[in-house]
> 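If you scroll down you'll find the structure; I have some questions about it.
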Amino acid sequence: MIQRKQTIFLLLAIVFTIACLCLPVGSFSSGIGENNTIYNLWIVTANGSHDYSVWALFAILLVTCPISIAAIFSYHNRIVQSRFCLFNMLLILGWYIVLAVFTLGMEGAENLKLSFYTAFPAVALILYFMARKAILADEALVRSADRIR
């Protein structure tokens, strides 16, 4: 059913994911007074130019949004819905791995300051976990009701 609590969890996860897509992930200084800001799609350098070397962060989070919407509207097939949630959880874990690889590999990584918004995918991960747990509980309830008939 579309009005279940897992729908709210999935919608909140989409909101946190979109917010993380739009907000800065961190900043680092590569020299004296040169402050660079990392977004999911690009790095804004001190002179205002954009470096698109971190585009994979954007791509990973962007893929999770349509999968979440597909999970919301596949309420009639709870097994597929739970697999969508599991896939999104794996994508978010992959996002953190890619973020670690990019930040450790860039110049000035010792001066890296991650922003508060870096925790938004972790909140979305928790929401996907809660949604998956509720979906599987609904599936168990339906199966037990079918056994009684």
> What's the separation between atom CD1 in I135 and atom CG in N77, rounded to the nearest 0.5 Å?
10.5 Å
> Applying the side-chain hydrogen bond (donor to acceptor under 3.5 Å, both in side chains) criterion to D138, which one of Q6, R78, K5 satisfies it?
Q6
> Check this for me: Y52, atom OH, are more than 12 non-hydrogen atoms of other residues, nucleotides or ligands nearer than 6.0 Å?
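Yes - once you tally the heavy atoms of other residues, nucleotides and ligands closer than 6.0 Å, there are more than 12.
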> When you compare the side chain of V44 with that of H50, does any pair of heavy atoms fall below 4.5 Å?
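SC-SC contact between H50 and V44 confirmed.
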> Side chains of I38 and L112: does their closest heavy-atom pair fall under 4.5 Å?
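Of all side-chain heavy-atom pairs linking L112 with I38, at least one is under 4.5 Å.
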> Which of these, L62, L61, I60, sits in a side chain to side chain contact (heavy atoms under 4.5 Å, CB included) with F58?
L62
> Check whether T37 reaches the backbone of S27 with its side chain - one donor and one acceptor, N or O, closer than 3.5 Å.
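No: the side chain of T37 does not pair with the backbone of S27.
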> May I ask you to test the L21-L41 pair for a side-chain heavy-atom distance under 4.5 Å?
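When only atoms from C-beta onward are counted, L41 and L21 do not touch, as no gap falls below 4.5 Å.
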> Should V80 and L91 be counted in the same cluster of Ile, Leu, Val, Met, Phe, Trp and Tyr side chains packed under 4.5 Å apart?
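Yes, V80 and L91 fall within the same hydrophobic cluster.
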> Under a 4.5 Å cut-off applied to non-hydrogen side-chain atoms, are Y117 and P24 in contact?
yes
> Hey, does Y75 have a side-chain heavy atom less than 4.5 Å from the side chain of T7?
no
> Hey, could you give me the CZ/CD distance between R132 and Q81, rounded to the nearest 0.5 Å?
11.5 Å
> side-chain contact (heavy atoms from CB on, under 4.5 Å) with L57: which residues, sequence neighbours excluded?
N40, V54, W95, V98, L99, F102
> For L10 and C85, what are the C-alpha separation, side-chain angles and deciding distance, and is it a side-chain contact (heavy atoms from CB on, under 4.5 Å)?
CA-CA 8 Å; L10 290 170; C85 290; 3.7 Å; yes
> Which pair of heavy atoms, one from F120 and one from L23, lies closest together, and at what distance?
CE2-CD1, 4.2 Å
> Return the set of residues passing side chain to side chain donor-acceptor pair (under 3.5 Å) with T64 (not counting sequence neighbours), or none when no residue passes.
none
> Report yes or no: do V15 and Y39 belong to one cluster of Ile/Leu/Val/Met/Phe/Trp/Tyr joined by side chain heavy-atom distances under 4.5 Å?
no
> Same cluster or not: are L104 and I97 linked, directly or through other Ile, Leu, Val, Met, Phe, Trp or Tyr residues, by side-chain heavy atoms under 4.5 angstrom apart?
no
> May I ask you to test the M89-F129 pair for a side-chain heavy-atom distance under 4.5 Å?
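Result yes, sub-4.5 Å side-chain heavy-atom pair found.
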> Would you say that more than 12 heavy atoms from the other residues, nucleotides or ligands in this model lie under 6.0 Å from the OH of Y96, or not?
yes
> Roughly how far, to the nearest 0.5 Å, is CH2 of W42 from CG of D51?
12.0 Å
> So if you build clusters from Ile, Leu, Val, Met, Phe, Trp, Tyr with side-chain heavy-atom gaps below 4.5 Å, do L136 and L90 land together?
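No, L136 and L90 fall in different hydrophobic clusters.
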> Going from CE on M130 to CG on L125, what distance comes out if it is rounded to the nearest 0.5 angstrom?
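If I round to the nearest 0.5 Å, the distance is 12.0 Å.
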> For N88 and S68: C-alpha separation, side-chain torsions, deciding distance, then whether side chain to side chain donor-acceptor pair (under 3.5 Å) applies.
CA-CA 8 Å; N88 276 343; S68 297; 3.0 Å; yes
> I would like to know whether T17 and Y128 meet side-chain contact (heavy atoms from CB on, under 4.5 Å); could you show each step before the answer?
CA-CA 11 Å; T17 302; Y128 286 130; 4.2 Å; yes
> So, for A46 and N36, which heavy atoms are closest and what is the spacing to 0.1 Å?
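Between these two residues, the closest heavy atoms are N-OD1, 2.9 Å.
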> For the ring pair F84 and F87, is the centre-to-centre distance below 6.0 Å?
no
> Are L86 and I69 connected in the hydrophobic side-chain network, where two residues link if heavy atoms are under 4.5 Å apart?
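Both belong to a single hydrophobic cluster.
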